[in-house]
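A short worksheet on the structure shown next.
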Amino acid sequence: MAAALLFAASPLFAGAFEGFYPEQFPIPQVDPPIVPAGYAFSIWGLIYSWLVLHAGFGLLKRDIEASWDRVRWPLIVSLTVGASWISVAKVSPLWATLLIWVMLLTALAALFRSPRAKDRWLLQAPLAIYAGWLTAASFVSIGLIGAGYGLFTDQVGWAWITLLMALSFAGLVQFSLSRAPEYGFTVSWALIAIAVRNLETFQSLAILAAAGAATIGILALRSMIKS
């Protein structure tokens, strides 16, 4: 509960995160195509509130439940690291990228430990949307670091690379975790926003993002029907 509240309150004491500043990179990243359209970040309101609800229910009603205990420790690590993420991101994109991958991997560890059916909407679902958004954000960070430090190719090249990486990663997770369609739907939400951002500038990239959103969405829908 403490970790969830600290995480949800982090924008209040660190300020809202509106993206990395272009000058934070050796090669300034102005309007990078890998970043989703701004409206997509509204999902954080849902993530924060649902994780707090999850933690409160777990504290009051599932305090000694073994299935909840398996989830708690990796989630505590993810949320505690996440509470500092905005502050770190405003100083160092490199460290922020490292931290968001720690957040993602521990969130996925918690999600994979969650039970198939018990308390699905208060245990599994909030973990799934949290991990889904972190998946998109983690690969976006890699794309920004690669382009911002001039590694191998430019913004557009890194957008292609990280989109393909994100699709492979998310597809594997959703296929392996068929009981949690919320994960795939959240990744699709981010991919659609990337497509929207690139509709007028890089249409081929927008098509890839939209096709990826449809593919991950179909996998998630298939999982929902099965579960």
Side-chain angles (χ1 to χ4, degrees), residues 17 19-20 29-47 50 78 93 96-97 100-105 107-109 111-112 124-148 151-227:
F17 180 71
F20 295 115
Q29 295 300 291
V30 180
D31 295 327
I34 192 57
V35 176
Y39 75 85
F41 293 86
S42 63
I43 198 172
W44 273 114
L46 176 64
I47 293 172
W50 211 342
S78 184
T97 299
I100 206 166
W101 274 92
V102 172
M103 292 165 64
L104 170 61
L105 295 177
L108 284 173
L111 179 58
F112 272 91
Q124 178 181 277
L127 300 180
I129 63 166
Y130 175 53
W133 183 259
L134 287 178
T135 297
S138 296
F139 284 98
V140 166
S141 291
I142 288 179
L144 290 170
I145 291 295
L151 303 176
F152 309 117
T153 185
D154 59 6
Q155 292 187 328
V156 179
W158 272 104
W160 279 93
I161 291 169
T162 48
L163 259 181
L164 291 170
M165 291 169 64
L167 288 173
S168 301
F169 185 94
L172 180 61
V173 170
Q174 185 61 83
F175 185 79
S176 303
L177 200 71
S178 59
R179 66 181 184 274
E182 300 86 3
Y183 172 85
F185 290 140
T186 305
V187 174
S188 292
W189 167 266
L191 291 171
I192 290 169
I194 293 174
V196 168
R197 183 185 185 95
N198 290 282
L199 277 176
E200 296 182 0
T201 50
F202 304 107
Q203 286 82 12
S204 57
L205 196 62
I207 291 171
L208 174 62
T215 302
I216 301 298
I218 289 170
L219 280 175
L221 186 61
R222 179 173 172 267
S223 299
M224 185 172 68
I225 293 171
K226 279 189 171 184
S227 61

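FYI, side chains are in, hydrogens and waters are out, and symmetry mates aren't considered; it's all heavy atoms of this structure. Please read all numbers here as calculations on a predicted model, not as lab measurements.
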Report the distance from atom [atom1] of [X] to atom [atom2] of [Y], rounding to the nearest 0.5 Å.
{"X": "W158", "Y": "Q29", "atom1": "CH2", "atom2": "CD", "result": "11.0 Å"}
{"X": "L164", "Y": "F139", "atom1": "CG", "atom2": "CZ", "result": "11.0 Å"}
{"X": "T153", "Y": "I161", "atom1": "OG1", "atom2": "CD1", "result": "6.0 Å"}
{"X": "W101", "Y": "S141", "atom1": "CH2", "atom2": "OG", "result": "9.5 Å"}
{"X": "I34", "Y": "F202", "atom1": "CD1", "atom2": "CZ", "result": "11.5 Å"}
{"X": "I218", "Y": "Q174", "atom1": "CD1", "atom2": "CD", "result": "12.0 Å"}

CA sep, side-chain torsions, deciding dist, call: T215, L167, side-chain contact (heavy atoms from CB on, under 4.5 Å)
CA-CA 9 Å; T215 302; L167 288 173; 5.9 Å; no
Reference residue L208; test side chain to side chain contact (heavy atoms under 4.5 Å, CB included); the match among L191, L163, N198
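When L191, L163, N198 are each tested with L208, the side chain to side chain contact (heavy atoms under 4.5 Å, CB included) holds only for L163.
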Taking all non-hydrogen atoms of both residues into account, name the closest pair between [X] and [Y] and its distance.
{"X": "A213", "Y": "S188", "value": "O-OG, 2.9 Å"}
{"X": "W189", "Y": "A40", "value": "NE1-O, 2.9 Å"}
{"X": "P33", "Y": "I194", "value": "O-CG2, 3.8 Å"}
{"X": "A37", "Y": "V196", "value": "CB-CG1, 4.2 Å"}
{"X": "I216", "Y": "G184", "value": "CG2-O, 3.4 Å"}
{"X": "P181", "Y": "A220", "value": "CB-O, 3.1 Å"}

Whether the side chain of [X] engages the backbone of [Y] through a donor-acceptor N/O pair (distance < 3.5 Å, no angle test) should be reported.
{"X": "D154", "Y": "G157", "value": "yes"}
{"X": "Q124", "Y": "R179", "value": "yes"}
{"X": "R222", "Y": "F175", "value": "no"}

Distance-only check: which donor-acceptor pairs under 3.5 Å involve side-chain atoms of residues 127-137, not counting sequence neighbours?
{"unit_1": "Y130", "atom_1": "OH", "unit_2": "S78", "atom_2": "OG", "d": "2.7"}
{"unit_1": "T135", "atom_1": "OG1", "unit_2": "A131", "atom_2": "O", "d": "2.8"}
{"unit_1": "T135", "atom_1": "OG1", "unit_2": "Y183", "atom_2": "OH", "d": "2.9"}

